[in-house]
J.: 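I have a structure I would like to understand better, so I am pasting it below and will then ask my questions one at a time.
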Amino acid sequence: MTGVLLAIGTFLLMEPLTALIHRFVFHGFGMGWHRSHHEPPRRALEANDLFPVVFSSATIALLSIGVWVGGRSILVPLGVGITAYGATYLVVHDLVIHRRVPWLRIPDRVGRQLRTAHNVHHLYSRAPYGFIAPVVPRDLRARAAARGIDQTPRAITERCPG
């Protein structure tokens, strides 16, 4: 039971941790890779996709050590929570918000609020940095609404791309 609670706690902690990583790594020294995500898409894969490769490799290493060490290692539930968050991030960010699989029909009511929040991030390269529970500053929300939220080159509209 402790392992399940630890995995759930890890999952919940991943959203604020990911927001901090997005703010200080992606928009810091990692901007070389992340910039491709703020530009109009040119091909199916972009340099920004290297981040999930790095993070999933680290999580696989964490899980492997947890399994090989055995006993009562906390590394396995931590890895399970991180993996569950990563899968949720993939679905929310790549499928629901950016609709990177255009043939996959997702009802708009599912992702409208998340897409709107993410568009504010793409407009100003500022908050919100979270993905699953984004907190949009009131002033940026008002500025985006006045400007027209979907007026960024990386805008995510209600229509599927392509």
Side-chain angles (χ1 to χ4, degrees), residues 1-31 33-34 36-38 44-141 144 149 154 156 158 160:
M1 186 63 174
T2 303
V4 172
L5 292 175
L6 191 55
I8 292 170
T10 301
F11 176 87
L12 295 174
L13 188 61
M14 285 303 296
E15 175 68 1
L17 181 62
T18 300
L20 288 173
I21 292 170
H22 185 189
R23 167 63 184 92
F24 293 106
V25 175
F26 289 30
H27 285 260
F29 67 87
M31 194 57 174
W33 287 357
H34 190 57
S36 66
H37 184 65
H38 282 263
L45 294 176
E46 52 195 44
N48 188 63
D49 293 331
L50 291 170
F51 283 116
V53 172
V54 170
F55 295 138
S56 62
S57 297
T59 306
I60 289 169
L62 182 80
L63 281 166
S64 298
I65 293 168
V67 168
W68 288 335
V69 170
R72 297 179 181 255
S73 173
I74 66 167
L75 298 179
V76 172
L78 288 176
V80 168
I82 294 169
T83 301
Y85 182 84
T88 304
Y89 167 85
L90 173 73
V91 169
V92 169
H93 182 261
D94 290 353
L95 299 182
V96 173
I97 293 176
H98 284 290
R99 298 181 177 187
R100 291 182 75 176
V101 181
W103 50 264
L104 182 64
R105 295 283 175 206
I106 300 170
D108 193 56
R109 68 182 184 288
V110 173
R112 178 184 299 266
Q113 197 168 13
L114 293 170
R115 277 194 301 279
T116 300
H118 203 65
N119 272 334
V120 171
H121 171 71
H122 278 271
L123 270 174
Y124 302 109
S125 286
R126 293 176 46 198
Y129 293 101
F131 299 99
I132 297 172
V135 178
V136 181
R138 185 174 297 170
D139 64 318
L140 291 181
R141 183 183 305 271
I149 286 178
R154 190 64 192 236
I156 308 131
E158 294 178 10
C160 293

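All figures in this text were calculated on a predicted structure; none of them were measured in a lab.
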J.: Once rounded to the nearest 0.5 Å, what's the spacing between atom CZ of R112 and atom CD1 of I106?
T.: 14.0 Å

J.: If you look at every heavy atom in T88 and F11, which pair is closest and at what distance?
T.: OG1-CE1, 3.5 Å

J.: Give the minimum heavy-atom separation between A47 and S36, together with the two atoms involved.
T.: N-OG, 3.3 Å

J.: Can you name the nearest heavy-atom pair linking V136 to P128, along with the distance?
T.: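 Heavy-atom minimum between the residues: CG2-CG, 3.7 Å.
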
J.: Would you indicate whether the side-chain heavy atoms of H93 and R100 approach each other to under 4.5 Å?
T.: no

J.: Please examine the side chains of R99 and R105, heavy atoms only from C-beta on, and report whether any two atoms are closer than 4.5 Å.
T.: no

J.: Give the minimum heavy-atom separation between L140 and V120, together with the two atoms involved.
T.: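 That closest heavy-atom pairing would be CB-CG1, 3.8 Å.
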
J.: Working to the nearest 0.5 Å, report the span between OG of S56 and CG of L63.
T.: 11.0 Å

J.: Within this structure, what is the NE2-NE2 distance for the pair H34 and H27, rounded to the nearest 0.5 Å?
T.: 3.5 Å

J.: Ignoring hydrogens and angles, tell me if any N or O in the side chain of S73 forms a donor-acceptor pair with the backbone of V69 under 3.5 Å.
T.: no

J.: Within the 4.5 Å heavy-atom criterion, are E46 and D49 side-chain neighbours or not?
T.: yes

J.: Would you check if the side chain of T59 reaches a backbone N or O of T83 as a donor-acceptor pair within less than 3.5 Å?
T.: no

J.: Does H121 reach the main-chain N or O of R126 with its side chain, forming a donor-acceptor pair under 3.5 Å?
T.: yes

J.: Looking at every heavy atom in both P134 and A117, which two are closest together, and how far apart are they?
T.: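 Smallest interatomic distance, heavy atoms only, reads CG-CB, 3.6 Å.
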
J.: Looking at side-chain heavy atoms only, is the closest gap between L90 and P52 below 4.5 Å?
T.: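 Result no, sub-4.5 Å side-chain heavy-atom pair not found.
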
J.: If you round to the nearest 0.5 Å, how far is NE2 of H22 from OH of Y129?
T.: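 Going from OH on Y129 over to NE2 on H22, the span is 7.0 Å.
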
J.: So if I apply the side chain to side chain contact (heavy atoms under 4.5 Å, CB included) rule between Y85 and each of T10, L17, I132, L12, which one comes out positive?
T.: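 For Y85, the side chain to side chain contact (heavy atoms under 4.5 Å, CB included) check succeeds only for I132.
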
J.: From L13 CG over to L6 CG, what is the distance, rounded to the nearest 0.5 angstrom?
T.: 10.5 Å

J.: Kindly compute the distance separating CD1 (I60) from CD1 (I82), expressed to the nearest 0.5 Å.
T.: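 Reported to 0.5 Å precision, the distance equals 12.0 Å.
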
J.: Would you say that N119 contacts L123 through its side chain, given a criterion of any heavy-atom pair below 4.5 Å between the two side chains?
T.: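 No, their side chains stay 4.5 Å or more apart.
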
J.: Taking the ring of H37 and the ring of F26, is the distance between their centroids below 6.0 Å?
T.: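 Here the rings of H37 and F26 have centres that are no less than 6.0 Å from each other.
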
J.: Is any side-chain heavy atom of L50 closer than 4.5 Å to a side-chain heavy atom of F55?
T.: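 SC-SC contact between L50 and F55 ruled out.
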
J.: For G3 and P77, which heavy atoms make the closest approach, and how far apart are they?
T.: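 The pair with the smallest heavy-atom distance is O-CB, 3.3 Å.
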
